[in-house]
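To find a chain, count down the sequence lines: A is the first, B the second, and so on, and within it residues start at 1. Since the model is a prediction, treat every value here as computed from it, not as a measurement.
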Amino acid sequence: MRKEKKIPSEAVAPLAADLHDWYARNHRVLPWRGITDAYRIWISEIILQQTRVVQGYAYYNRFVSRFPDVRALAAADDDEVMKLWQGLGYYSRARNLLAAARQVVERFGGEFPTTYEAIRSLPGIGDYTAAAIASFAYGLPHAVVDGNVYRVLARIYGIDTPIDTTEGKKLFAALADELLDRKDPGGYNQALMEFGALYCVPRSPQCGGCIFADRCMALATGRVEELPVKLGRTVVKPRYFNYFYVRHGDYTWVRRREGRDIWRNLYELPLIETAEEASLDVLQQSEEWARLFAGAGRVSVSAQVYACKHVLSHRVIHARFYVVETEQLLPMEDYVRIAVGELGDYAVSRLTEGFLEKMSANYPALF
DNA sequence: AAGTCGGGGTA
DNA sequence: TACCCAGACTT
């Protein structure tokens with residue numbers, strides 16, 4: 001029989017009273033705070049998934065300005081939504097956002113759902129986001145558990161169960177629910193997260209003046225820097241992308257990325273991905289090259305004009321860019337021909353954006 | 001339970 | 001560098 005792991009939360013004075021007091025004195029003023037519009041709260045929560053406030057701030061303002069309500073978003077063009085999301089990362093959020101807006105219109109008559117279960121059923125909304133919307137917009141008693149909550153609770157209660165395990169997730173969810181202030185779930189949730197974001201920070205928190213210094217197990221045992229525990233192994237795999245900025249007159253070519261891969265629904269230049277670093281010579285002898293430039297006539301290729309390592313959380317992309325001018329107008333299967341000036345209308349990855357910026361700075365004649 | 005999906009900030 | 005950020009979804 002396994003020993004029941006019970007966190008003795010009764011042994012620690014409840015956090016709510018001190019938390020509310022701290023929040024009143026220290027919280028940031030943000031456009032999605034102090035409102036009850038579930039639509040705007042939802043937009044902010046999706047944008048802020050795995051994203052810092054400073055990074056998402058401008059995106060939020062642009063989004064709610066362009067799409068003031070759920071019906072406006074539901075009617076939006078897919079590419080425009082991707083363009084608004086460009087540079088923010090985790091693009092499935094944008095795709096799910098649009099899909100969810102359309103479901104709100106179809107399933108709920110255009111009114112954002114008002115129960116936890118209904119909210120949770122929308123694409124892109126998991127346990128955290130459903131609890132956030134339900135408590136902030138409707139005052140429903142659901143505890144949020146995000147990275148901040150894991151950290152604050154792990155430290156105060158001295159919990160070293162890894163947070164990225166099923167056991168850890170269940171344990172913290174149960175504790176957060178037990179601690180939730182039922183009189184003000186939304187205010188309590190926001191305060192707990194804000195406390196983690198501003199004060200109980202991952203590294204070098206100033207525990208000296210902490211409002212919980214008298215009851216923090218981690219501080220008492222000198223384990224503040226060790227908690228929370230995460231198993232997390234980040235294996236970074238390399239990929240090799242060879243891009244071609246193809247020109248014929250004022251035309252160039254782009255393609256929308258499809259399939260289960262990074263940057264789905266974003267646009268990119270003609271690409272040959274290789275299993276390892278490849279020279280231009282090798283690329284020119286490949287089948288992909290032949291297929292790409294079939295019917296191009298004489299093809300003149302620049303030397304590599306731009307190269308970089310694009311680092312993602314679990315990938316490092318070794319990218320090389322070349323400029324190609326073709327004698328004939330290309331058929332270029334899979335790619336769409338556009339005027340060079342229209343490049344800016346298409347949502348692209350930060351990698352491609354970086355190349356385009358570099359090009360327009362160094363070779364303005366090509367743009 | 002493990003893998004995938006971005007980009008940027010911080011020590 | 002390594003870790004983290006108002007996580008969700010797929011396999």
How is A:Trp32 classified with respect to the nucleic acid when contacts are heavy atoms under 4.0 Å: base, sugar-phosphate, or nothing? base
Whole angstroms only, please: what is the CG-C1' distance between A:Asp164 and C:dC3? 13 Å
Does OH in A:Tyr306 sit with more than 12 non-hydrogen atoms of other residues, nucleotides or ligands closer than 6.0 Å? yes
Assign A:Asn189 to base, sugar-phosphate, or nothing according to its heavy-atom contacts below 4.0 angstrom with the strands shown. nothing
Quick tally for nucleotides 4-9 of chain B: nucleotides whose base has a protein heavy atom under 4.0 Å get B, sugar-phosphate-only ones S, the rest -, giving SBBBBB
Figure out the OH/P separation between A:Tyr150 and C:dG7, and round it to whole Å. 10 Å
Would you call the rings of A:Trp22 and A:Phe195 parallel, tilted or perpendicular if under 30° counts as parallel and over 60° as perpendicular? perpendicular
For A:Leu198 and C:dC4, give me the distance from atom CG to atom P, rounded to whole Å. 18 Å
Taking atom P in both B:dG8 and C:dC9, what distance in whole Å separates the two? 24 Å
Does either side chain, that of A:Arg120 or that of A:Thr115, offer a donor lying less than 3.5 Å from an acceptor on the other one? no
Kindly state which residues belonging to residues 128-141 of chain A come within less than 4.0 angstrom of DNA chain C, counting heavy atoms of the residue only, listed by number. A:Tyr128, A:Thr129
In whole angstrom, what separates A:Ile46's CD1 from C:dG7's P? 11 Å
Does a distance-only test, which skips hydrogens and angles, find a donor-acceptor pair under 3.5 Å between the side chain of A:Arg33 and the base of C:dA6? yes
Return the set of residues passing side-chain hydrogen bond (donor to acceptor under 3.5 Å, both in side chains) with A:Asp79 (not counting sequence neighbours), or none when no residue passes. A:Arg256, A:Tyr267
Whole-Å distance separating the CD1 atom of A:Ile163 from the C1' atom of C:dC3: 11 Å
List for me each residue that meets side-chain hydrogen bond (donor to acceptor under 3.5 Å, both in side chains) alongside A:Ser349, sequence neighbours excluded, and say none if there are none. A:Thr352
In terms of ring plane angle, is the pair A:Tyr322 and A:Phe244 parallel, tilted or perpendicular, where the classes change at 30° and 60°? parallel
If we take the P atom in both B:dT10 and C:dA6, what is their distance in whole Å? 12 Å
Who passes side-chain hydrogen bond (donor to acceptor under 3.5 Å, both in side chains) against A:Thr252, sequence neighbours left out? none
Using the rule given for ring-ring contact (aromatic ring centres under 6.0 Å, His included), can you reason through A:Trp32 versus A:Tyr60, listing the C-alpha separation, both sets of side-chain angles and the distance that settles it, and then say yes or no? CA-CA 9 Å; A:Trp32 51 84; A:Tyr60 170 83; 5.1 Å; yes
Please state how far atom CD in A:Gln206 lies from atom P in B:dT10, giving the value in whole angstrom units. 15 Å
Can you tell me the distance, in whole Å, between the CG atom of A:Asn148 and the C1' atom of C:dC4? 10 Å
Please report the distance, rounded to the nearest Å, between CZ in A:Arg120 and P in C:dA8. 7 Å
Supply the members, apart from A:Leu227, of the Ile/Leu/Val/Met/Phe/Trp/Tyr cluster built from side-chain contacts under 4.5 Å; use none for a lone residue. A:Val229
